[in-house]
There are 2 protein chains.
Amino acid sequence: MLYAGFMSADLPLFPQPQEPLDTPRLLEVGSAPDEPCLRADAARNRARLLEAAAELIAEHGAAGVTMEAVAAAAGVGKGTVFRRFGDRTGLLTALLDHSARKLQADFLGGPPPLGPGAPPVERLHAFGRAVLYRTAEQLDLHLAAQPEPTRRFSHPARRGLHTHVTMLLRQILPDADCDLLAQTLMAYLDPALINHLNRQCGMPMERLENGWTDLVARVTSTGT
Amino acid sequence: MLYAGFMSADLPLFPQPQEPLDTPRLLEVGSAPDEPCLRADAARNRARLLEAAAELIAEHGAAGVTMEAVAAAAGVGKGTVFRRFGDRTGLLTALLDHSARKLQADFLGGPPPLGPGAPPVERLHAFGRAVLYRTAEQLDLHLAAQPEPTRRFSHPARRGLHTHVTMLLRQILPDADCDLLAQTLMAYLDPALINHLNRQCGMPMERLENGWTDLVARVTSTGT
DNA sequence: AATGAAACTGGACCACGGTCCGGTTAAGGT
DNA sequence: ACCTTAACCGGACCGTGGTCCAGTTTCATT
């Protein structure tokens with residue numbers, strides 16, 4: 001089972017005076033498996049919920065699982081689920097949080113070529129490959145976790161990736177609008193696009209990988 | 001008011017033996033304002049619905065309009081709305097159909113540089129500008145009309161644009177994987193991205209336009 | 001004009017995401 | 001051990017998108 005176990009990435013921010021759980025601070029390196037001092041019962045329920053969700057998803061697919069079912073399977077009330085995870089995408093995102101953090105740790109402090117040490121272009125290539133395959137592995141979940149259009153780009157995890165790509169680009173193309181170029185590169189790694197190309201159109205992953213390589217080459221080629 | 005008046009782009013495809021309305025054949029040039037011989041009452045209701053929807057959207061914003069409200073405002077039952085337009089995004093898409101067809105006509109048969117006659121790179125530049133501004137004009141509607149991730153790229157209108165970009169690219173880069181490159185270019189024009197950059201991040205449209213120009217230049221630069 | 005069948009209609013109905021709030025419980029101070 | 005309080009809990013409740021189907025309307029045929 002592929003579930004997160006514990007760790008953060010919930011986002012309540014409700015009409016209450018609270019601030020009990022961390023908003024996903026994806027960008028900070030301190031990889032402490034935080035768990036922002038949730039009350040004991042709350043933490044226990046959180047774990048139960050994630051476990052139940054993972055189980056149900058493995059059984060019925062990410063799309064065919066209702067929040068109520070998760071609550072029931074975890075033996076808690078529906079309200080508890082929403083209090084903890086905010087909404088459906090919050091729960092799904094929490095399930096992905098583990099691998100998200102791992103990826104982030106890898107390209108932030110891991111060994112080259114993904115981590116620091118390799119030349120920026122190499123890191124960019126490695127980054128795309130990594131995201132591509134990681135996403136493909138958990139495609140259903142990624143698709144189901146995709147929030148509505150208005151929030152898609154505000155999502156902290158996505159912002160984290162985007163920031164990283166931007167910084168790499170800046171080292172390669174100091175004079176370009178790296179923010180926009182990074183958006184373009186990130187767009188190529190959109191789960192929905194991967195799904196369309198790989199599953200709906202039947203393109204093999206190797207072709208997508210080559211596509212990324214080619215794209216990076218074109219984008220980073222200085223116009224000389 | 002910005003409504004479509006009549007014309008096609010509905011998609012029922014239900015458990016019935018029917019095939020009464022056209023699936024949006026966006027790619028055919030014959031710009032006949034078809035209306036695929038709907039029954040008289042059906043056609044009337046369709047027009048009423050579109051009009052009512054446009055009105056309500058102008059009043060409450062695209063996001064704050066329920067299907068039931070549209071039905072009520074048009075003086076028909078809820079079932080009728082869904083039979084005609086399939087689902088919420090179907091209705092919203094139908095509202096955009098008019099300008100979608102106009103755009104398509106422009107780049108398919110209009111005057112250069114958008115239409116045929118100009119060199120492919122020029123057409124590509126013009127295409128991006130056109131889509132960019134057209135999308136920005138009706139951003140709310142475009143956002144609300146965006147279907148769930150699984151269908152985003154299967155959507156006929158999007159496929160039409162993608163095909164066109166692919167063909168232009170092929171004229172410029174006969175040896176590249178133009179299909180994938182076209183996806184990348186199209187991704188830059190995603191309404192959700194435009195919304196994020198322009199509205200949420202406050203980038204002026206000129207910057208996005210320059211971004212497009214730059215992107216096209218980089219992507220189409222032969223590596224010599 | 002009458003008729004039959006296909007197409008359409010409307011609103012009751014359902015499922016699911018999300019909210020609310022009275023009651024409960026854990027945690028820290030005394 | 002007890003008290004206070006803020007956080008948490010559960011499940012009743014609501015609105016909305018989408019489905020269903022018995023009844024009605026249109027239109028082609030005769």
Side-chain angles (χ1 to χ4, degrees), chain A residues 10-22 35-49 52-53 56 60 62-93 144-148 151, chain B residues 10-22 35-49 52-53 56 60 62-93 144-148 151:
Chain A
D10 319 340
L11 49 163
L13 314 172
F14 271 358
Q16 295 132 21
Q18 62 162 178
E19 39 123 357
L21 0 168
D22 55 2
E35 188 83 21
C37 39
L38 235 41
R39 229 171 69 172
D41 53 347
R44 194 202 49 195
N45 282 342
R46 181 174 198 280
R48 277 189 190 170
L49 281 168
L56 285 180
H60 301 113
V65 168
T66 75
M67 297 300 269
E68 202 148 12
V70 174
V76 306
K78 204 174 166 185
T80 306
V81 190
F82 284 96
R83 151 169 284 264
R84 184 80 328 118
F85 297 104
D87 63 4
R88 189 186 159 78
T89 74
L91 172 60
L92 267 9
T93 303
Q146 197 132 45
E148 28 145 34
R151 291 192 299 157
Chain B
D10 320 338
L11 48 164
L13 314 172
F14 272 359
Q16 294 131 22
Q18 63 162 177
E19 39 124 357
L21 359 168
D22 56 2
E35 189 84 21
C37 38
L38 236 40
R39 231 171 65 173
D41 53 346
R44 193 202 50 193
N45 282 342
R46 181 176 196 281
R48 278 190 191 169
L49 280 169
L56 285 180
H60 302 113
V65 169
T66 75
M67 297 300 268
E68 201 148 13
V70 173
V76 307
K78 202 175 167 185
T80 306
V81 191
F82 285 95
R83 152 168 282 264
R84 184 77 332 117
F85 298 103
D87 62 4
R88 188 186 160 79
T89 74
L91 172 59
L92 267 10
T93 302
Q146 196 131 43
E148 28 145 35
R151 291 191 299 157

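Any value given below was found using the heavy atoms of this structure, including those in side chains, with hydrogens, waters and symmetry copies removed.
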More than 12 heavy atoms of other residues, nucleotides or ligands under 6.0 Å from CD of E68(B): yes or no? no

Nearest-Å distance for atom pair [atom1]/[atom2], residues [X] and [N]:
X       : N       : atom1 : atom2 : result
F85(A)  : dT19(C) : CZ    : P     : 16 Å
L91(A)  : dC16(C) : CG    : C1'   : 14 Å
E148(B) : dC16(C) : CD    : C1'   : 15 Å
R84(B)  : dG18(D) : CZ    : P     : 17 Å

N or O in side chain of N45(B) less than 4.0 angstrom from dT9(C) OP1/OP2: yes

For nucleotides 22-26 of chain C, print each protein N/O atom paired with a nucleotide N/O atom at under 3.5 Å, atom names and distance only.
residue: dT25(C); atom: O2; partner: R39(A); partner atom: NH1; Å: 3.2
residue: dT25(C); atom: O2; partner: R39(A); partner atom: NH2; Å: 3.3

For [X] and [Y], work out which heavy atoms get closest and say how close.
X      : Y       : value
L56(B) : A73(B)  : CD1-CB, 4.0 Å
V65(A) : R88(A)  : O-NH1, 2.9 Å
T80(A) : V76(A)  : CB-CG2, 4.1 Å
R48(B) : A74(B)  : CD-O, 3.6 Å
V70(B) : A52(B)  : O-CB, 4.0 Å
L92(B) : A144(B) : CD2-O, 3.6 Å

Is any side-chain heavy atom of R46(A) closer than 4.5 Å to one of L38(A)? yes

N/O to N/O distances under 3.5 Å, protein versus nucleotides 14-17 of chain D:
residue: dG17(D); atom: OP1; partner: R88(B); partner atom: NH1; Å: 3.0
residue: dG17(D); atom: OP2; partner: M67(B); partner atom: N; Å: 3.1
residue: dG17(D); atom: N7; partner: K78(B); partner atom: NZ; Å: 3.2
residue: dG17(D); atom: O6; partner: K78(B); partner atom: NZ; Å: 3.4

Determine the contact category for G75(A): base if any of its heavy atoms lies under 4.0 Å from a base atom, sugar-phosphate if only primed atoms, P, OP1 or OP2 are that close, otherwise nothing.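 Counting heavy atoms under 4.0 Å across all strands, the contact made by G75(A) is with sugar-phosphate only.
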
Could you pick out which residue, T80(A) or G79(B), lies toward the 5' side of DNA chain D when each is mapped onto its nearest nucleotide?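 Mapping each residue to its closest nucleotide by heavy atoms, the 5'-most match is T80(A).
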
